[in-house]
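Input: a single structure, listed below in structure tokens.
Sequential numbering from 1 along the given sequence is applied to the chain's residues.
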Amino acid sequence: MDLQSKLYSLLAAMLYAGPLLAGLTGAPEALVVVFVGIFTLWVVVMRPAIWKAISAEGTPFALALHLGSVTLLQSLLVILCFAIGRGIAVLMGATLAIPGILPVLLSAGALIAARALWQGRANQVDAFLDEAIQTRNEMARDSAPR
């Protein structure tokens, strides 16, 4: 596993740690909506090709249906992480004394950093593909009958 993959895994763990920490701090349940937004943005931003394909091939209804299903799934993940954090806090008999905004910043920062990392990787893949296409075209030109 290369360094970029390890960093991406770490950032994904940071994303999930946000609602877990929010549950541990005893943050209000209204914060779940903020985390659902961050998690949904993660899926939308990190997989743009899926959204382009759905919008190009399908109807606006299909796009809305897919976005709704993604939001529902991300809601369940956030609620699960938040509930696990709350459960740990109850078992410990105390909550963590950190500001409630810190878990939100952790997840949002993970989203921003992962997108920056992914953009760099996407640029590497694009450069590799451009070079491969250019090499193929040169080989085809060299082997063409004269």
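Hydrophobic clustering (ILVMFWY, side-chain heavy atoms < 4.5 Å, transitive): Val34 and Ile101 are in one cluster. No chain of hydrophobic side-chain contacts below 4.5 Å, direct or via other Ile, Leu, Val, Met, Phe, Trp or Tyr residues, connects Leu73 to Val45.
For the side-chain contact (heavy atoms from CB on, under 4.5 Å) test, residues two or more places apart in sequence or in another chain that qualify with Val43 are Arg47, Trp51, Val70, Gln74. The side-chain contact (heavy atoms from CB on, under 4.5 Å) test applied to Leu7 returns Leu3, Leu117, not counting sequence neighbours. Every ring-ring contact (aromatic ring centres under 6.0 Å, His included) that Phe39 has, sequence neighbours left out, goes to Tyr16. By the side-chain contact (heavy atoms from CB on, under 4.5 Å) test, Ala114 pairs with Tyr8, Leu11, Trp42, Met46, sequence neighbours left out.
We find the CG-CD1 distance between Leu41 and Ile112 to be 10.0 Å, quoted to the nearest 0.5 Å. Remark: Leu72 CG to Leu67 CG distance equals 11.5 Å, nearest 0.5 Å. For the atom pair CE (Met14) and CG (Leu111), the distance works out to 10.5 Å, reported to the nearest 0.5 Å.
Listed by first then second residue, pairs satisfying salt bridge (charged side-chain N to carboxylate O under 4.0 Å, His left out) with a partner in residues 7-27 number zero, not counting sequence neighbours. Among pairs with a residue in residues 9-18, none fulfils salt bridge (charged side-chain N to carboxylate O under 4.0 Å, His left out), at least two apart in sequence or across chains. Pairs passing the salt bridge (charged side-chain N to carboxylate O under 4.0 Å, His left out) check and including a residue from residues 91-100, sequence neighbours excluded, do not occur.
At least one donor-acceptor pair closer than 3.5 Å links the side chain of Thr25 to the backbone N or O of Ala22. The main-chain N or O of Gly37 is never found under 3.5 Å from a side-chain atom of Thr40 such that the two would form a donor-acceptor pair.
Here the shortest heavy-atom pairing between Phe35 and Ser107 reads CE2-OG, 3.5 Å. Closest of all the heavy-atom pairs between Leu15 and Pro19 is O-CD, 3.3 Å.
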Ignoring hydrogens and angles, write down the donor-acceptor pairs under 3.5 Å from the side chains of residues 75-98, residues two or more places apart or on other chains.
residue	atom	partner	partner atom	Å
Ser75	OG	Thr71	O	2.7
Arg86	NH1	Glu29	OE2	2.6
Arg86	NH2	Ala27	O	2.2

